[in-house]
Amino acid sequence: MIRSNGSSSEGAGGSEAGGDYFTELAACLIAAGMAEGEAAATVADLSGYLAETESPDAYEEFGAPQDFAARLTEGRTAEQPAAGAETWKWTADIYTDRKYLNHYGDQGWEVEGLDRFGRFVCRREPDAAMRWEYRRETASGAKERESVAAGLAPDAWELCGQWMYFMYFKRPKAASAGPAAALGELVAAPDRQLFLGRRYRGKVKQALVAAVISAVLAATAVHYAGDRMAFPILIGAAVAAPIGLIAGWYRVKREVMSGVEDA
């Protein structure tokens, strides 16, 4: 992604400079054809992400607003799919996304982008379908994303979607497998839109069990300890719960950054 020729002297998270950046970004998104509601939601997502990463500058993280808007709306003015083309939107957890991308890429599904909900927007033209392969990279900031894309371009990898700090790339499988990548008979379009793997389901279950246990213990302690102990116990539970969630999030983030996948 091209970085801005200008710069901001203030941080983006909640600052006046950050507000100016996202105001300009919203205007660029709308000018590129994005609906006002979708533009507002997109800007809200990005603003929250920036605050979470504690990045000092929106320009450093995303690049110039007009360039970033062009990337986010890429393909909206492209030619309409050929008559009979199939479309499909789906999502998977972060431990299984690459597995399913390549599984369905083998069935001719080409990712054209990600929508604001993080769903893969796919298309397949029955009369001209080909196999696709995918890879995911991580990068923080416009400069690093630009470097990752440039490093993969010589091997025919093309950026096809971006979500937070994840970058998704595609290329025709013929680039690596040659004639063996030819696609024969098409498999019927999937009837699913959500894929959750074992590892992800296990983490959700752990979080729910921990929350239930904490609530039961707090309620039991309050009941038997009386009103004198109720307030301190509830305060302790209120503090412990967010800490546990944050610790769980960082464990997941470390696994994702290291490339852990479902078995």
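Residue pairs meeting the ring pair (Phe, Tyr, Trp, His ring centres under 6.0 Å) criterion with at least one partner in residues 136-161, sequence neighbours excluded, are absent.
Listed by chain and number, the residues in a ring-ring contact (aromatic ring centres under 6.0 Å, His included) with W132 amount to none (sequence neighbours excluded). Judged as a ring-ring contact (aromatic ring centres under 6.0 Å, His included), and not counting sequence neighbours, Y134 has no contacts. In this view, L114 and F120, W163, Y168 satisfy the side-chain contact (heavy atoms from CB on, under 4.5 Å) rule, not counting sequence neighbours. Residues passing the salt bridge (Lys or Arg N to Asp or Glu O under 4.0 Å) test with D155: none are found, sequence neighbours excluded.
Residues R124 and E110 form no side-chain contact, since every pair of their non-hydrogen atoms from C-beta on lies 4.5 Å or further apart. Two residues are said to be in side-chain contact when any heavy atoms from C-beta on lie closer than 4.5 Å; I94 and F166 meet this criterion.
The main-chain N or O of S140 is found under 3.5 Å from a side-chain atom of E144 such that the two form a donor-acceptor pair. Judged purely by atom type and a 3.5 angstrom limit, R131 has no side-chain atom pairing as donor or acceptor with the backbone of W109. Put simply, the side chain of D97 never gets that close to the backbone of A92: no donor and acceptor are under 3.5 Å apart. Under the 3.5 Å distance criterion, the side-chain polar atoms of K170 are matched with a main-chain donor or acceptor of V111. Using modelled atom types, no side-chain atom of D67 and backbone atom of G63 make a donor-acceptor pair closer than 3.5 Å.
The structure places NZ of K89 at 5.0 Å from CG of D115, a figure rounded to the nearest 0.5 Å.
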Which pairs would a plain distance check flag for residues 172-180, meaning a side-chain donor or acceptor within less than 3.5 Å of a matching protein atom at least two apart in sequence or in another chain?
| residue | atom | partner | partner atom | Å |
| --- | --- | --- | --- | --- |
| K173 | NZ | D106 | OD1 | 2.8 |
| K173 | NZ | D106 | OD2 | 3.3 |
| S176 | OG | E133 | OE1 | 3.4 |
| S176 | OG | E133 | OE2 | 2.6 |
| S176 | OG | K173 | O | 3.2 |

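Ring orientation note: the planes of Y21 and Y59 are nearly perpendicular, at an angle over 60° on the 30°/60° scale.
Between F68 and F22, a ring centre-to-centre spacing not shorter than 6.0 Å is recorded.
Side-chain N/O atoms of D20 and T23 include no donor and acceptor closer than 3.5 Å.
With L152 as the fixed residue, the side chain to side chain contact (heavy atoms under 4.5 Å, CB included) test singles out one of M167, E137, E158, R171: E137.
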